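Notes follow once the structure below has been shown.
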Amino acid sequence: MSKFVDKEMTCNICGHICQVTILTATTTEGSADLDFRPPEKRRSAMPLWVHKCELCGAVLSVYETTPNVGQEFIASNKYQTCAGIGGLSENGKKFVKIALIYEQAGQMKKAGNYFLNAAWCCDDEGMDVNAKLCREEALRCWNEMGRGELNNREMPEMQVKILDTLRRSGNFKEARAFAKCMDTSNEQMQQIVAFEVSKAVLKDKSCYTLADAVMK
Ligand SMILES: [Zn+2]
């Protein structure tokens, strides 16, 4: 059973009081995808992860304080046009915009993660070209990640996410090269990497879950 609460959040750009809905509890059934997209029900609550301020148009995370990049950036052409990615849905736009805010603030890991969230929206809408664009933006951001942005504990998950994003954006050669550099002694990780490589060899960019990749 999913639980939601309503709360007030102040827009960190303009100070407007926004009403947001937060998912506080849900079932953990099902397997996440290989890029860690959560299973239902958490997945269906995705539009609630971010909120667009009704007054200034800044997109904020409902879970943490979003960096203040200033009203000028929110008014900029780059932000307003989603950096030129046209034809996005309202949800897709929100995730691209928050990605641009984190990128502007130099927080490249989170910027990449939000671009990936935008790609998931595009997947659901069958917008393959935009999904690829958003995945490539995610890869670009992760590539520019600073040393301090990722701790050792997060490394395996990030590596799998990058590998899956390379394959799913059709960068099969790069996915295979990246897999070669992933030196892991963890058996589950080895299974995931082998699975990804087998799909990359077949030029298969379909979506698979962690459960598909890890043998029981
Ligand atoms: Zn605002």
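Just so you know, ligand 1 is whichever comes first in the structure, and atom 1 is the first atom listed for that ligand. What you see is a predicted model; the values in this text were computed from it and never measured.
Centred on the Zn ion (ligand 1), the angle running from Cys56 (SG) to Cys53 (SG) is recorded as 110°, rounding to 10°.
When distances to the Zn ion (ligand 1) are checked against a cut-off of 2.8 Å, His16 contributes no N, O or S atom below that limit. Among the atoms of Cys11, an N, O or S atom is found under 2.8 Å from the Zn ion (ligand 1).
For Arg176 and Glu196, the salt-bridge test fails: no basic side-chain N is under 4.0 Å from an acidic carboxylate O. A salt bridge does not link Glu90 to Lys94: none of the charged side-chain nitrogens sits closer than 4.0 Å to a carboxylate oxygen.
For the residue pair Asn171 / Ser169, a side-chain donor-acceptor distance below 3.5 Å is found, with atom types taken as modelled.
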Query raised in the report: Can Glu136 and Arg140 be said to form a salt bridge (Lys or Arg N to Asp or Glu O under 4.0 Å), step by step?
Result: CA-CA 6 Å; Glu136 287 182 339; Arg140 181 184 57 77; over 6 Å; no

